[in-house]
K.L.:
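If you scroll down you'll find the structure; I have some questions about it.
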Amino acid sequence: MSGSSNNNDGSATVYLGHVIDPVDEGNYRDIPDGALVVSKTGKIEAVGKWSDLCKQYSTGCEIVDCGRKLIMPGLIDMHIHLPQVTQIGKSGDTLLGWLEKYIFPAEARFKDLSHAEKIAAWFFDELACNGTTLAVIFTTIHKEATDAAFRIAAQKGARAIMGKVMMDKNAPGDLIENTQNSLNESEELANKWHGHDGGRLLYAFTPRFAVTATDELLDQCGKLWQNNPGTYMHTHLSESAEEVKKVAAMFPQSRSYLDVYDRAGLVGSRSVFAHSIYLDEEDLQVMHKKNCALAHCPSSNFFLKSGIFPIDRVKRAGVEFGLASDVAGGPQMSMFGVMKDANFIQPQIWISPRELFYRATRGSARALKLEDQLGSLEAGKEADFIIVDPTLKNACPKDILEHETDEILSTIVFIGDDRMIDSTYIRGRQVFKRQDVNGKATKPQEETELHKVRGGKK
Ligand code: GUN
Ligand code: ZN
């Protein structure tokens with residue numbers, strides 16, 4: 001149990017259910033008759049067995065009995081593209097051809113602000129219904145569309161690390177920026193949004209990848225990032241063999257693809273590199289030494305046939321990493337599906353459900369240098385959590401919640417998707433609640449046996 005004593009001023013909300021909370025790659029806290037106490041400021045006040053906490057919290061607090069459902073930390077998606085939700089599932093080529101055919105045309109439409117607003121609203125609703133409580137997001141090159149995405153995220157209560165894409169070469173004409181404008185607009189957006197609402201929204205400088213950047217853009221972006229402490233730098237790295245070959249030809253003076261970014265001052269704590277498949281040992285050592293984060297995107301690597309993330313070498317090198325959907329490179333937003341793919345894509349290595357759960361929650365928060373605030377259910381952290389009911393999915397055994405917790409976790413990881421999410425909370429605010437076709441909550445809070453014993457108020 002964790003929690004401070006005698007601080008119940010009657011304003012907290014207590015969620016009762018089966019708490020599963022990641023500790024590290026191989027361990028989680030398992031509290032079947034658990035309670036999560038959330039203060040009115042949206043912080044976790046206490047977590048533990050309800051039998052230990054009820055004396056302190058049953059008077060005055062609102063009690064939400066989730067019945068036989070699971071209470072877990074919200075899922076973190078370390079790399080996703082907002083404008084690409086309209087392109088999910090469109091395949092037929094590898095990375096560079098797919099970008100030309102589907103992605104660049106879809107992104108060019110974000111010049112139209114009303115289109116951009118409509119898609120951004122849809123995107124943040126989709127994140128919420130998938131149980132994703134933090135996403136690291138690419139928008140497009142458009143400043144107004146990116147500003148709108150921040151505004152909509154702010155209104156909807158979403159948590160995001162987000163930035164305007166920067167591209168000044170090798171893209172269709174309507175997506176190529178003037179280098180200085182790209183830098184100026186990125187800086188303006190960072191000044192406006194980084195740290196918004198107590199850090200719920202954070203800014204990431206977002207050069208798309210080395211292929212679409214001049215040396216000047218990369219160098220100046222490195223300086224800009226260094227001059228804005230606390231912000232992130234988010235880009236793609238070594239995703240496909242064809243891309244790596246192209247970068248080697250474009251930057252002959254660099255030792256490796258990573259070195260292109262390193263020379264520009266773009267490698268450091270709070271840099272996030274999506275994919276990172278084709279790395280040598282020196283790259284891994286540099287990443288470890290400079291404390292940067294990798295976003296492993298297994299569903300995308302499958303879908304675009306990009307290659308296999310060297311998970312064992314990354315772990316051996318001690319490089320921090322988490323999981324990401326890379327929508328629309330990946331054809332799903334559900335981080336449960338991404339967890340499954342992270343296991344499936346490895347031909348020889350078994351990745352346990354415990355580790356997959358950790359990688360999509362606390363492991364990602366750690367890689368993003370946010371573990372002190374997010375990623376697990378501990379007193380003092382932000383109350384970002386999900387209520388999960390595996391039985392909402394037809395294929396799931398109806399008695400699954402009576403099974404061993406490792407089996408529950410395995411079931412969620414391997415057959416889970418958005419249909420298992422009952423509700424999603426960010427900083428204590430409900431941002432999604434499942435409805436039935438009549439607009440009612442699918443399963444009204446039942447009067448469970450446990451609740452009667454507990455005698456909490458509804
Ligand atoms: N590399 C450069 N841009 C992209 C993109 O939009 N998606 C993916 N998967 N890789 C990229
Ligand atoms: Zn991507």
Side-chain angles (χ1 to χ4, degrees), residues 77-110 119 123 135-142 145-146 160-172 175-177 204-213 217-218 221 232-247 250 257-258 260-261 266 271-278 293-309 321-333 335 338 341 345 364:
D77 187 337
M78 275 187 71
H79 173 72
I80 185 167
H81 298 257
L82 179 153
Q84 297 181 16
V85 273
T86 61
Q87 304 303 305
I88 289 182
K90 295 187 187 166
S91 72
D93 207 342
T94 50
L95 173 65
L96 300 177
W98 170 82
L99 285 175
E100 293 285 341
K101 184 168 179 192
Y102 294 117
I103 299 309
F104 289 151
E107 294 193 7
R109 289 196 63 195
F110 278 61
I119 304 301
F123 174 84
V136 189
I137 303 168
F138 266 57
T139 60
T140 60
I141 61 156
H142 308 96
T146 305
I161 300 172
M162 185 155 65
K164 185 194 97 59
V165 169
M166 307 169 86
M167 280 201 278
D168 68 349
K169 72 188 265 195
N170 280 344
L175 288 177
I176 294 183
E177 304 173 278
F205 292 97
T206 310
R208 182 173 212 121
F209 65 158
V211 174
T212 52
L217 181 69
L218 294 176
C221 182
Y232 289 79
M233 193 293 301
H234 182 199
T235 191
H236 295 93
L237 169 70
S238 293
E239 175 178 359
S240 83
E242 189 189 4
E243 170 208 14
V244 173
K245 219 165 128 191
K246 199 162 181 159
V247 170
M250 285 172 67
Y257 194 161
L258 180 71
V260 173
Y261 295 137
L266 293 167
S271 48
V272 181
F273 294 103
H275 303 287
S276 308
I277 293 175
Y278 303 97
L294 301 195
H296 171 29
C297 311
S299 313
S300 168
N301 301 157
F302 257 142
F303 192 65
L304 297 176
K305 302 203 181 297
S306 300
I308 298 170
F309 182 67
F321 72 100
L323 295 179
S325 70
D326 189 32
V327 156
Q332 66 194 337
M333 259 184 162
M335 291 305 296
V338 173
D341 286 345
I345 202 166
S364 291

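Counting starts at 1 for both ligands and their atoms, in listed order.
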K.L.:
Looking at CZ of Phe138 and OG1 of Thr206, how far apart are the two atoms once the value is rounded to the nearest 0.5 Å?
P.N.:
5.5 Å
K.L.:
Do we see a donor-acceptor contact under 3.5 Å between the side chains of Tyr278 and Glu243?
P.N.:
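Distance-only check fails for Tyr278 and Glu243.
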K.L.:
Before signing off on this row, confirm whether Arg208 and ligand 1 have an N or O atom pair separated by under 3.5 Å.
P.N.:
yes
K.L.:
Heavy-atom contacts under 4.0 Å between His275 and ligand 1: side chain, backbone, both, or neither?
P.N.:
side chain
K.L.:
Taking the inter-plane angle between the rings of His81 and His236 on a 0 to 90° scale, is it parallel (under 30°), tilted (30 to 60°) or perpendicular (over 60°)?
P.N.:
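Aromatic pair His81/His236 classed parallel.
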K.L.:
Check contact between Gln84 and ligand 1, using heavy atoms of the residue and a distance below 4.0 angstrom.
P.N.:
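Per 4.0 Å heavy-atom rule, Gln84 contacts ligand 1.
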K.L.:
Does Leu99 approach ligand 1 within less than 4.0 angstrom via side chain, backbone, both or neither, non-hydrogen atoms only?
P.N.:
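Just the side chain.
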K.L.:
Start with the C-alpha distance between Leu99 and Phe209, add both sets of side-chain angles, then the distance that settles side-chain contact (heavy atoms from CB on, under 4.5 Å), and finish with yes or no.
P.N.:
CA-CA 12 Å; Leu99 285 175; Phe209 65 158; 4.0 Å; yes
K.L.:
Can you name the N/O/S atom of Asp326 that is nearest the Zn ion (ligand 2)?
P.N.:
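The Zn ion (ligand 2) is closest to the Asp326 atom OD1, counting only N, O or S.
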K.L.:
Nearest 10°: the angle subtended at the Zn ion (ligand 2) by His79 NE2 and His81 NE2?
P.N.:
100°
K.L.:
For atom 9 (N) of ligand 1, grab the closest protein heavy atom and report residue, atom and distance to one decimal in Å.
P.N.:
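Checking every protein heavy atom, the shortest distance to atom 9 (N) of ligand 1 gives Asp326 OD2, 2.7 Å.
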K.L.:
Which bit of Leu95 is near ligand 1, meaning a heavy atom under 4.0 Å away: side chain, backbone, both or neither?
P.N.:
side chain
K.L.:
So, the side chain of Glu177 versus the backbone of Met167: is there a donor-acceptor pair under 3.5 Å, distance only?
P.N.:
yes
K.L.:
Touching ligand 1 at all, Phe138? Heavy atoms, strictly under 4.0 Å?
P.N.:
no
K.L.:
May I ask you to check whether over 12 heavy atoms, not counting those of Lys305, lie within 6.0 Å of atom NZ?
P.N.:
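Not more than 12 within 6.0 Å, no.
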K.L.:
Between Trp98 and ligand 1, which residue portion shows a heavy-atom distance shorter than 4.0 Å: side chain, backbone, both, or neither?
P.N.:
side chain
K.L.:
If the plane angle is over 60° it's perpendicular, under 30° parallel, otherwise tilted; pick one for Phe321 and Phe309.
P.N.:
tilted
K.L.:
Is there an N/O/S atom in His275 that lies less than 2.8 Å from the Zn ion (ligand 2)?
P.N.:
no
K.L.:
Among protein heavy atoms, which sits nearest to atom 10 (N) of ligand 1, and what does the distance come to when rounded to 0.1 Å?
P.N.:
Glu239 OE1, 2.6 Å
K.L.:
Where the side chain of Ser325 meets the backbone of Met333, is there a donor-acceptor pair that is under 3.5 Å apart?
P.N.:
no
K.L.:
Could you list which atoms of ligand 1 come closer than 4.0 Å to a heavy atom of Phe209?
P.N.:
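Contacts of ligand 1 toward Phe209, numbered from 1: 1 (N), 2 (C).
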K.L.:
Taking only heavy atoms of His81 into account, list the atoms of ligand 1 that are under 4.0 Å away from them.
P.N.:
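Ligand 1 atoms under the 4.0 Å threshold to His81: 5 (C), 6 (O), 7 (N).
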K.L.:
What's the spacing between Phe303 CZ and Ile88 CD1 if we round to 0.5 Å?
P.N.:
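CD1 of Ile88 is found 9.5 Å from CZ of Phe303.
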K.L.:
How about Glu239: does one of its N, O or S atoms come closer than 2.8 Å to the Zn ion (ligand 2)?
P.N.:
no
K.L.:
When His79 is tested against each of Ser364, Cys297, Ser300 for side-chain contact (heavy atoms from CB on, under 4.5 Å), which residue passes?
P.N.:
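In the set Ser364, Cys297, Ser300, the residue that makes a side-chain contact (heavy atoms from CB on, under 4.5 Å) with His79 is Cys297.
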